[in-house]
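Here is how names work: the chains are called A, B, and so on, in the same order as the sequence lines, proteins then strands, and each is numbered from 1.
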Amino acid sequence: MRKCSLDKIDLVFAQIAKNAALYLPVDQTDGSAAYKKWEEGTVWSGALNTVRSPKDFFFPQTEDLMRFKTEGKNIEIIDTRTEGEDFVVFGVRACDVKSFDILDRVFLSEPVDSFYANRRAHGVIVSLACTRPSETCFCKTFGIDPAEPAGDITAWKTETEIFFRANTEKGEQLLSKIAALTEDSDDAVVKAQKEQIGKIMDKLPLKNVTTDGFGGGKTDELFNRPEWDELSQSCLGCGTCTFVCPTCQCYDIKDFNTGNGVIRYRCWDSCMYSEFTRMAHGNNRLTQKERFRQRFMHKLVYYPENNDGLFSCVGCGRCLAKCPISMNIVKVMKKIGGETK
Amino acid sequence: MQRIGVFVCWCGSNIAGTVDVKAVAEALKNEPGVVFSTDYQYMCSQAGQDMIKEAVKEHNLTGIVVCSCSPRMHEATFRKTAAAAGLNPYMVEIANIREQCSWVHKDMMTGTEKAVILGKAAVAKVNLNTPLTPGESPVTKRALVIGGGIAGIQTALDIADAGFPVDIVEKKPTIGGKMAQLDKTFPTLDCAACILTPKMVDVAQNENIRIFSYSEVTEVSGFVGNFDVTIKKKARYVKEDVCTGCGACLEKCPMKKVPNEFNLGMDNRSAIYIPFAQAVPKVATIDPNACNMLKNGKCGVCAKVCAAGAIDYTQKDEFIQEKYGAIVVATGFNPISMDKFDEFAYSQSKDVITSLEFERLTNAAGPSAGKLLRPSDGKHPHTIVFVQCVGSRCDACAEKGKEYCSKICCMYTAKHAMLTRDKYPDTEVYVFYIDVRTPGKNFDEFYRRAVEEYGVKYIKGMVGKVTPEGDKLKVQASDLIANKQLHIDADLVVLAAAIEPDQSARPLATMLTASMDTNDFFTEAHPKLRPVESPTAGVFLSGACQGPKDIPETVSQAGAAASKVIGLLAKDKLTGNPCVAGSNELMCNGCSSCANVCPYGAISYEEKEFRMPDRTTKVRRVAVVNPAVCQGCGACTVACPSGAMDLKGFANSQIMAEVDAICK
Amino acid sequence: MQVNEYKPLIVAFCCNWCSYAGADLAGNNRLAYPAEVKIIRVPCSCRVNPMFILRAFQRGADGVIICGCHPGDCHYTSGNYYTRRRMAALFSMLDYLGIEKERTRVEWVSAAEGAKFAATMNDFVQTVAALGENKRLEDLRCKK
Amino acid sequence: MQKVTREQLLNKASELLSNGTVSCVLGWAAGEFDYDVTPKMFNCVEELNAGFVFNDFCGANVSKYLVARAGKCEGKILVFLKPCDTYSFNQLLTEHRFDREKVYAVGIPCEGMADIAKVKAVCGDGISSIDTTGEDMKVTTLYADAPVSVAAADVLAERCINCKSKKHVAYDELMGEEGDVIDSARFDEVARLEAMSPDERFAFWQNELSRCIRCNACRDACPACTCEKCVFDNPNSGVENKSPANSFEEKLFHIIRAFHVAGRCTDCGECSRVCPQNIPLHLLNRKFIKDINEFYGDYQAGAEVGSRAPLVNYTTEDLEPGEVFDRRDNNA
């Protein structure tokens, strides 16, 4: 384990940014935090929670796939793929790190999504232990320890210092690059912090949310539960929950006619939208209730069914904080699954 | 995918001088959808048109782009050419490379470049064109004239003379309107009744004309050529077809103290009445507010004296449904109320009267049998003050009166003044005016005669106050030319009250979806070019309902309206403009934004049942455009937030395709 | 005039009855205006949807002008009155977003005003040329 | 603290349900915390007792639900309307979006709603409870030892600080005292932006709109956006797009949306409340409202049913689009 005084953190950032684009949470004018590219003078806010999750780095909201150049009746196909640049995402919470596992299972299983794989290969994740979970947090429900985030490097931050531990080869490499700015350390401070975090976890209001009652094989049992009507009733059908969700991975492929050609791109889509997965015959989920149910059944039943019991929710709490009508997965889990462990 | 043919015209050297037409034809050859492209000296010539026809056949063209002069010039020509070749005429688009290109640019390269772009835009549009067919609707060959004054009478007579049936709806018991109340008419001074009543008789005797007197229009639906109208025939308690108009009932009716509206309340009539001797129809009417029999069942004298047995106390309002092809509005005008003009003491003294009351006072059939006598004491007035512009030409911000000029007052005041001095030379006559406006044939001569021959004292200035004192009216006024205050002891003050549209006009406009200005005058389809048509197709305007006018103007407008109606009724079918708006009911919210901006009232709403995704049904309100009424302006398409409303021939997608082609 | 002056792309929406005829008259009288002006014919200025204007800017237009009959002379009686309100509101909004207000304009041109049409276009092209390329409402994807 | 209590509303709703006036109730349901309130349709007294809530966090404007709900249940729907909700209610009626006969509207007074983001800004994150029953709000967090007391005024939502009206413009029954239309300072922020240079304004909006993730929350919560099919969802409209692919798309969406609701927007502020990225979207709508008031005379959408929105209306004397700027420049 290496450590470094926070006084020197900008030097660390400068060092990392020499070889790779560095992204870290920065305070925005509206008071929330967002990942921004570090440049000289950028101030790391240390914020753990960002409105947009770091999934954007591997699965951006819009991404060009290819282009067609048209001239008169001629069409030329242009491959727009490039070898990506190396980048580092710094300060990722445990829950958000976990989301990459969930996305990997979708995009890296055959057929591999080359765009995602390209980004994944070039990205290094520096996670940060979460010392101040919010009341909306329930990562523990999914077996995530906020004090022990995964990632290529795990970091723990105190008032004055930051501790790093490499977890992967990529992490080792990055740590070695900043070796001159860091020094060896024992894990006493980190241990104390972990204990502290554990205490907070026991106080979280959502600590008892359980996945019991969900998981693979539960489709028949849960699909026609009458509670779906009531739960979905107020849903506006906007895409907020899906767009702030670190694990939602649905996208649409669209063509944009530029006048001189066509850009084929993909962009996030939302199962909440009436146009989602629309086919020649119409739409297979005609009502908001069906669309609403799909989202939660996918996260809590279908996904685990296909992925060794892994739920595709990490308890980050973004949808709890951002849903315009405050309907969310916790309310669904409590209503459909049951109250406590 | 379309198969488009492009035809680039040289127009001699008009286009070819500045545009490399061959290069344009060549460049457009490669545009999506284009299968044939050529150029020719004169595309509009017979040879050019034949070339297009042949190309359509040879290349199975589905669309045509002609790069030539303005579509305002030859769009119709090329549409006909296309039709002759078996193509839908609306599959033709014109790229204007003459007026808007070769003629305004000097340089060959610039001109050619622009011509290519304009051609591309036209191709882009044709790619999205769809064949359009104008809608057809039948025409009901019957006209409705609302209002039985001189305007309505003249319109009805002219339409009837052309052989079409006409119905006149008049809310009063008789036709005749305001003109029937007038004494003499300016500037010829012939008697109003002498020229009007024969026309009223003509109306009554014309086989093509039906008069619904004492009736009102209560409901209008439908559209040009196909209006459905409900007419309420108010109960007059007299069988119209039985009454002979002998007048026996009027004499015997015990209730004789009803203010006579025909004489503006200056004398009384009986509860059963005929407004005036030459009324058409000459049928009695019982005033239900005055008749004791109707009010409390006690009397029944008229029924007893009626030899014909025409009285029917049980008569009810009757509703008549009729179909019409055209509707003429001739609802006329009224003098405005003088209630707000207290400075003239109208409500305080019987001897302050309006000009229309003055007409009745000087009319031989009026309350004083034509003798000019003061209403208060029946004495002959020796000093008369006429006040012009009472309530006309007021400040926009003034609480009372109208902003506009009532137009007729200058002339009738001159007439009143002249006639007074003619009959009673011992009378002093003053006329106070802001301006004297006499633009009409023989009008100024008439006014000058009043001043020069008859010695009427015209004073530029306004009367400030009229105060009754004893049997005199103290008139306080200013003489703007002499710049002094005047005090006149008058015996009679006559106010030239502004005129305003009849109260019935606004509800009627709502029924007709015809537009009105802020003064409640009906607006024309075009203020200069279509002055007798309302923007609502099939609705025409006659007389003062459209704006203040005198009798000759009213009669000429009435004739013009009639000729427009005749032109419409002469058709068996109406062919519409196919470039009309249409609403996609699946996207329509029924919010009424489109109907709010439609100048033609072409949009209505219906409740329609839709199948919802969850297999329930929902009734939604959706817009429906009547293609026979829509003129295709497109105002609705922008008012519609959901984009449900689109315009054929100028669709959103087509215009955007043009934008794209131009900007690429 | 400068030699290297920026040549802006101008989209002019002209109503069929007045302004398009006015443009034709400019042609009849050989009154020159820059070829950068491209006219799109619409039945009435009230047919112009704000979406068309934004579309033009997206696709590379540097200026958009809407021409209609003079108020009171609309072929459809009231169409241009709606245009007037809509565009006043829209242009004010664009300005509020910091987009150059000189890039959009409404002008009333009658069928008899060929000279006014040409003068208007000359002036508008000059004004927009002075602003240079449209950067604030551009869509980089549509750049050549 | 709200002047009308949950119990009062609960009693009213129970009474109207029991006496058959209404067959269901559109109100707010309690959530996991004290602030995450969800609009909900209650079908019986038992449901009301279990979940109905009314507190400082019932900001959601439930009028829009009537478009989908009115007529769906057997009898009438009871809907509780705060003053600002009544404007939306009227506007929807003006646009024939639901059947008035199917609704029983109860006007309820509103003391202004709290903004949870402001509460968190004052008290910190990790809120375990909020007591809104007293004059001041009592907030307990995971990280503070003792509850923090916050004046309601300090955490009032922006739209409530600039409340335009405490008056109910529509109801069948009113609870509590009727308030007045307020001469609020709601246009001050718009005026501040107007006073900036175009470059500053551009920078301001570029920064704000760049955060847009096109989740459509603003549109879907907006009571004026009730289109059966939004142009932005319609592949044939020419403007459809699912993502803010670049800054043009961000502007296109927000300009067109604001234009489509111009003259119809009641300034309820839902757009800004629901924006997950805290974009001050109401400043776009307010700009249109301010302009319309200045150009064509004061107009409040929803103030009366059946009024004609300014952009579907005209006078022959309206100002010219070019005069808009002359006016402003002269005023400056």
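The shortest side-chain heavy-atom distance between D:Ile213 and A:Val244 falls under the 4.5 Å cut-off. Looking only at side-chain heavy atoms (C-beta outward), A:Glu135 and D:Ser128 stay at 4.5 Å or farther from each other. Within the 4.5 Å cutoff, no side-chain heavy atoms of D:Cys215 are placed close to those of A:Thr242.
A cation-pi arrangement is present between A:Arg132 and D:Tyr143 under the rule of less than 6.0 angstrom and at most 45 degrees off the ring axis.
Residue A:Gln28 touches chain D through its side chain alone, counting heavy-atom pairs closer than 4.5 Å. Looking at A:Pro133, the atoms closer than 4.5 Å to chain D (heavy atoms on both sides) sit in the backbone and in the side chain alike. Neither the backbone nor the side chain of D:Arg219 comes within less than 4.5 Å of any heavy atom in chain A. Looking at D:Lys229, the atoms closer than 4.5 Å to chain A (heavy atoms on both sides) all sit in the side chain, from C-beta outward. Heavy atoms of D:Gln277 lying under 4.5 Å from chain A belong to its backbone as well as its side chain. Heavy-atom distances place both the backbone and the side chain of A:Ile325 under 4.5 Å from chain D. For a residue to count as touching a neighbouring chain, one of its non-hydrogen atoms must lie under 4.5 Å from one of that chain's; by this rule D:Ala60 does not touch chain A. Only the side chain of D:Asn207 comes within contact range of chain A, judged by heavy atoms closer than 4.5 Å. Both the backbone and the side chain of A:Ser134 come within contact range of chain D, with heavy atoms under 4.5 Å apart.
Rounding to the nearest 0.5 Å places OH of A:Tyr273 at 4.0 Å from CG of D:Asn216. Taking OG1 from A:Thr240 and CZ from D:Arg214, the interatomic distance works out to 12.5 Å, rounded to the nearest 0.5 Å.
Per-residue heavy-atom pair counts under 4.5 Å with chain D were compared for A:Arg318, A:Glu275, A:Glu230, and the maximum is reached by A:Glu275. Between chain D and the residues A:Asn328, A:Leu320, A:Leu204, A:Asp252, the most heavy-atom pairs under 4.5 angstrom are made by A:Asp252.
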Go through the steps for A:Thr136 and D:Glu32 under the test side-chain contact (heavy atoms from CB on, under 4.5 Å), then give the verdict. CA-CA 9 Å; A:Thr136 49; D:Glu32 289 301 309; over 6 Å; no

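A distance-only check finds no donor-acceptor pair linking the side chain of A:Arg52 to the backbone of D:Arg211 [under 3.5 Å].
A salt bridge links A:Asp269 with D:Lys242; the closest basic N to acidic carboxylate O contact falls under 4.0 Å. A salt bridge links A:Lys254 with D:Glu240: the closest approach of a Lys/Arg side-chain nitrogen to an acidic carboxylate oxygen falls below 4.0 angstrom.
For the 3.5 Å distance criterion, the side chains of A:Lys331 and D:Thr38 qualify, holding a donor opposite an acceptor.
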